[in-house]
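Everything on this sheet refers to the single structure shown next.
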Amino acid sequence: MVSIDVTNLQKTFQTKRKAAGLGGSIRSLFKPDYSSVEAVRNLSFQMSSGELLGFIGPNGAGKSTTIKILTGILHPSGGEAKVLGFTPWIDRQKLAYHIGTVFGQRPQLWYHLPAMDTFILFGKIYELDDVETKKRIDFLTEAFEIKDLLDVPVRKLSLGQRMRCEVAASLLHRPKLLLLDEPSIGLDVVAKQHIRDAIKRMNQEEGVGVLLTSHDAGDLEALCKRVIIVNHGQIVYEDKVSNLKRKFLTTKLVEVRYAMEVSKDFAIQGVEILKVGHYGVKLKFDTTKTAVDSVISHLSGAGDIVDITISDPPLEEVIAKIYQEAENA
Amino acid sequence: MKSISKYWSIFQITLINSLAYPGELVGRSLMIIPFMWIFYQLWKVTFSAAGAADGMINGLTLRDTLWYLMLAETIELGRPPIARTMSENVKDGSIAYILNKPYDFLLYQFSTAMGETIFRAMLNAVFGGLTVWWLVGTPNHPEGFLIALPAIFGAWILHFSINAMIGLSAFVVEDVSAFTWIYQKLAFIFGGMLIPLDFYPQWLQNIAKLLPFSSAIYGPARLFVTPTLELFISVMSLQITWIIALTFALAIVYRRGLAQLTVNGG
């Protein structure tokens, strides 16, 4: 089953341009100068129901615009989109019963009231009966570990606590699809983990599909099976997250610590030395050019190794590389 | 039924929300006390200068005038800044986040506006009422308040329609503060906020009484001091006509605006 089907989606904004200063303001008053910005250009993709899809890209790539079109808030300038069988900008209200949305930068909970009040309000807005709402709240409080937070005014919660309540609120009406626009923005590591675990659980237990935009490669690694990378409103990369790693994570970082002081020359063909100390060394090399075992045997020849770490570079670097390649193309 | 109950819940949650800072709510409402005191001083001098044998100017006594102004102020001070809120929603894009729920945008805004109005208006009525009572005594027709209630509610619907239209014009003009300023001044003059319309020259009265501003302030306040069946019918029929015309206009402006949102949003 396909839950999102987008074909040649386009969105052009008219932006007013104005020269700096008073003169510019006056001129723009009489003769406004508009320029078009293509936020989304011929975007086509599909998402299956129950899928965890990452939608990433730099600022201004068109991610949020796409999400807003998919929720029916914005009308596209061209192209087709079906979300759960609805055309979002025509059936906005009908679609709203079946999708949940969280915009990381904008709270939907009532700020001065305890989250429980918003939960009950959402129950009414989504036309659930009171017993059903209560049952659902009980379930979500347990899944998101927010039992003790529900009676506290939202403004008194930490950002992490608030986001857990935000995501839980968006799931109250059992949506089939969750659209998350940067849900982890500004959160600390533990809070991110909490949210990711809960989202994963909802995906596994209730089969809710998740379309997630994020700047955080960690969200992508932890949650998504497939990723779409957009830049300048176009798809620049689309594949499974595991393939993304295999294809682009060809660089390895090796860090070695020796039992005693070593004075060997670590220079090997194709290996970049990042740091050398008396007791250890840190290297970087490309596995397609230099064999891993030759590097390891060279290192172990230098002395007794007490600790060795082999790691991939952060996914962020990989994504930055993809952006750059797309930029250069 | 469920669809009505969702707007009722939105109204309720705004009502509870308005109690989040009770001190601020009460403090703001206390403003009506000096207003009424100043009105009293002003009109006391005017009435004695007019020196009419029956103590009336164009059918109103000093006591009527003060109670009239108390209700006019209550209606005006009670209403939330709908135009400003909506234009901010449009400008900062948060309108997008109000639009992603299964409810009608305008009914949502109306429910929140009414939720914000009730306690403010009640407190204004209490503080304003006590002040006027202390200054000039009880109203001639206390029951007039109940008779004026439907017109008070109608006045808020009118306020909402006009202000929501001003707010939505932010789709096009971006800043609406000039329009709200003009609306406010027109409401002051043609709504009878400072001077009851009865004190105007006849030709101006005839014009002012037909405008929507009078239905939004003067009508209900006048009904309160003169609760006759005849006045009730004329106030309500004019008000309902304006409500129909302006909510219809609002619906059109909203549809237009929504299409514009495709340009400004993002």
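Owing to the predicted nature of the structure, the values given are computational and were not obtained by experimental measurement.
Checked against side-chain contact (heavy atoms from CB on, under 4.5 Å), B:Ser18 has the following partners two or more places apart in sequence or in another chain: B:Phe119.
For a residue to count as touching a neighbouring chain, one of its non-hydrogen atoms must lie under 4.5 Å from one of that chain's; by this rule B:Ile98 does not touch chain A.
Between chain A and the options B:Asn17, B:Ile16, B:Asp104, B:Asn100, the largest number of non-hydrogen pairs under 4.5 Å is found for B:Asn17. Looking only at heavy-atom pairs under 4.5 Å with chain B, the residue among A:Tyr111, A:Phe103, A:Trp89 that has the most is A:Phe103.
Classification of the B:Tyr103-B:Tyr108 ring pair by plane angle, with boundaries at 30° and 60°, yields parallel. Between A:Tyr126 and A:His173, the ring-plane angle classifies as parallel under the 30° and 60° cut-offs.
B:Arg28 has no carboxylate O lying under 4.0 Å from a charged side-chain N of B:Glu116, or vice versa, which leaves the two without a salt bridge.
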